Colleague: 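Following this message is one structure expressed as structure tokens.
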Amino acid sequence: MILYTLDTKQNIKQHTKQKQIPLRKTALFYFGISIFCIIFTRIYEHYSYGEHSTYMRAMFLFPLIGGTLLSLLSYYKGFTKTLGRRSYNLWNSGIAIFINGCLIRGIINISGRFTEYDRLYWFLGTCFLLAAIVFYFIDLPEKEHHF
């Protein structure tokens with residue numbers, strides 16, 4: 001049995017180097033999700049016999065504001081070098097939880113019922129967004145801390 005190891009400094013730097021997160025693609029993706037939410041809401045309300053839900057109509061705001069606008073702002077302010085994968089994934093998950101909360105609440109309201117299950121979505125979405133902010137500051141390099 002023969003084992004090979006590569007322990008040169010160049011290989012170590014390549015494996016530990018953090019990749020930059022493509023925030024322009026993220027902004028475009030979230031803009032597409034916002035458009036999809038608007039189209040989905042219009043189609044769903046068309047077939048709901050004149051009923052509508054404020055939650056479903058506001059569903060597109062989460063990916064538009066929390067995804068598109070913040071991604072573009074982060075890109076133009078230069079946060080791509082300091083944004084870690086953990087905070088990026090937690091932020092995306094928080095936005096997705098808020099979208100699902102609006103969707104579930106909207107569908108249940110349009111059906112003529114009331115639910116309090118959406119409180120869990122609001123709580124979890126907020127927890128994920130706060131965790132993303134905390135991990136953003138934890139993952140900053142030592143020279144980048146500006147408190």
Side-chain angles (χ1 to χ4, degrees), residues 1-45 52-111 113-147:
M1 179 163 82
I2 299 173
L3 298 174
Y4 294 99
T5 60
L6 295 174
D7 59 348
T8 62
K9 289 182 181 180
Q10 183 180 11
N11 288 331
I12 291 172
K13 286 181 182 177
Q14 287 177 350
H15 292 296
T16 59
K17 184 179 178 183
Q18 183 179 0
K19 293 183 181 178
Q20 288 186 3
I21 296 175
L23 290 177
R24 286 191 302 185
K25 284 184 182 179
T26 302
L28 186 61
F29 181 74
Y30 271 121
F31 185 72
I33 290 175
S34 297
I35 298 298
F36 174 78
C37 289
I38 292 170
I39 293 170
F40 179 84
T41 301
R42 293 295 178 200
I43 291 172
Y44 197 88
E45 287 179 355
H52 70 276
S53 170
T54 307
Y55 286 93
M56 194 174 279
R57 286 187 175 177
M59 182 172 58
F60 79 97
L61 291 174
F62 289 105
L64 185 66
I65 295 171
T68 304
L69 294 180
L70 283 180
S71 294
L72 289 175
L73 181 67
S74 298
Y75 176 75
Y76 288 117
K77 290 291 184 180
F79 293 138
T80 57
K81 295 180 179 105
T82 58
L83 184 62
R85 181 54 69 178
R86 278 193 298 189
S87 58
Y88 178 76
N89 288 343
L90 284 169
W91 187 267
N92 289 340
S93 298
I95 298 297
I97 290 170
F98 281 133
I99 293 169
N100 285 322
C102 283
L103 180 63
I104 296 296
R105 178 73 183 258
I107 289 172
I108 291 174
N109 284 351
I110 287 175
S111 70
R113 296 176 284 161
F114 178 77
T115 184
E116 292 184 6
Y117 291 122
D118 62 328
R119 289 184 184 177
L120 179 64
Y121 289 101
W122 304 125
F123 176 73
L124 284 176
T126 304
C127 287
F128 271 70
L129 294 182
L130 290 176
I133 293 169
V134 167
F135 280 118
Y136 172 76
F137 287 112
I138 289 174
D139 292 340
L140 279 177
E142 289 298 321
K143 61 182 178 183
E144 295 288 331
H145 286 285
H146 300 289
F147 293 114

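These numbers come from a predicted model, not from an experiment.
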Colleague: Before you tell me yes or no, could you show the steps for His52 and Ile110 under side chain to side chain contact (heavy atoms under 4.5 Å, CB included), namely the whole-Å CA-CA distance, both residues' side-chain angles and the distance that decides it to 0.1 Å?
Modeller: CA-CA 6 Å; His52 70 276; Ile110 287 175; 5.5 Å; no
Colleague: Would you mind listing every side-chain hydrogen bond (donor to acceptor under 3.5 Å, both in side chains) that reaches into residues 31-42, with sequence neighbours excluded?
Modeller: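 Listed by first then second residue: nothing to list.
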Colleague: Does Arg57 have any salt bridge (charged side-chain N to carboxylate O under 4.0 Å, His left out) partners at least two apart in sequence or in another chain, and if so, which?
Modeller: Glu45
Colleague: How about Phe98: does its CZ atom have over 12 heavy atoms from other parts shown lying under 6.0 Å from it?
Modeller: yes
Colleague: Who pairs with Leu120 by side chain to side chain contact (heavy atoms under 4.5 Å, CB included), at least two apart in sequence or on another chain?
Modeller: Leu124
Colleague: Is there side-chain contact between Ile33 and Ile95, with at least one heavy-atom pair below 4.5 Å?
Modeller: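 A side-chain contact under 4.5 Å is absent here.
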Colleague: For Arg24, what residues pass the side chain to side chain contact (heavy atoms under 4.5 Å, CB included) criterion, not counting sequence neighbours?
Modeller: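 Applying side chain to side chain contact (heavy atoms under 4.5 Å, CB included) to Arg24 gives Tyr75.
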Colleague: Rounded to the nearest 0.5 Å, how far apart are CG of Asp139 and OG of Ser87?
Modeller: 6.0 Å
Colleague: First locate atom CG of Asn109, then atom CZ of Phe114, and finally report the distance between them rounded to the nearest 0.5 Å.
Modeller: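 If I round to the nearest 0.5 Å, the distance is 7.5 Å.
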Colleague: Suppose we screen for side chain to side chain contact (heavy atoms under 4.5 Å, CB included). Which residues come up paired with Leu28, at least two apart in sequence or across chains?
Modeller: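 Result, side chain to side chain contact (heavy atoms under 4.5 Å, CB included) vs Leu28: none returned.
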Colleague: For residues 125-135, which residue pairs pass the salt bridge (Lys or Arg N to Asp or Glu O under 4.0 Å) check, not counting sequence neighbours?
Modeller: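 For residues 125-135, and leaving out neighbouring residues, there are no salt bridge (Lys or Arg N to Asp or Glu O under 4.0 Å) pairs at all.
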Colleague: Quick one: ring-ring contact (aromatic ring centres under 6.0 Å, His included) partners of Tyr88, sequence neighbours excluded?
Modeller: none
Colleague: Going by heavy atoms in the side chains, are Tyr117 and Ile104 under 4.5 Å from each other?
Modeller: no
Colleague: Could you give all pairs that pass the salt bridge (Lys or Arg N to Asp or Glu O under 4.0 Å) test and reach residues 68-79, with sequence neighbours left out?
Modeller: none
Colleague: If you measure from CD1 on Ile38 to CD1 on Ile43, what distance do you get to the nearest 0.5 Å?
Modeller: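 Reported value, rounded in 0.5 Å steps: 12.0 Å.
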Colleague: Only pairs at least two apart or in different chains count here, so list each side-chain hydrogen bond (donor to acceptor under 3.5 Å, both in side chains) that has a residue in residues 90-103.
Modeller: Tyr30-Asn92
Colleague: Can you tell me which residue pairs pass the salt bridge (Lys or Arg N to Asp or Glu O under 4.0 Å) test with a partner in residues 61-76, sequence neighbours excluded?
Modeller: none
Colleague: Show the atom names and distances, to 0.1 Å, of all donor-acceptor pairs under 3.5 Å that link a side chain in residues 59-69 to residues at least two apart or in another chain.
Modeller:
from, atom 1, to, atom 2, distance (Å)
Thr68, OG1, Ala27, O, 3.3
Thr68, OG1, Phe31, N, 3.0
Thr68, OG1, Pro63, O, 3.4

Colleague: Considering all heavy atoms of both residues, which atom of Thr26 and which atom of Ser71 are nearest to each other, and what is their separation?
Modeller: CG2-OG, 3.4 Å
Colleague: Could you state the interatomic distance from OH (Tyr121) to CD1 (Ile97), rounded to the nearest 0.5 Å?
Modeller: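 Interatomic distance, Tyr121 OH to Ile97 CD1, rounded to 0.5 Å: 9.0 Å.
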Colleague: Could you give all pairs that pass the salt bridge (Lys or Arg N to Asp or Glu O under 4.0 Å) test and reach residues 117-135, with sequence neighbours left out?
Modeller: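 Those involving residues 117-135 are Arg105-Asp118, Glu116-Arg119.
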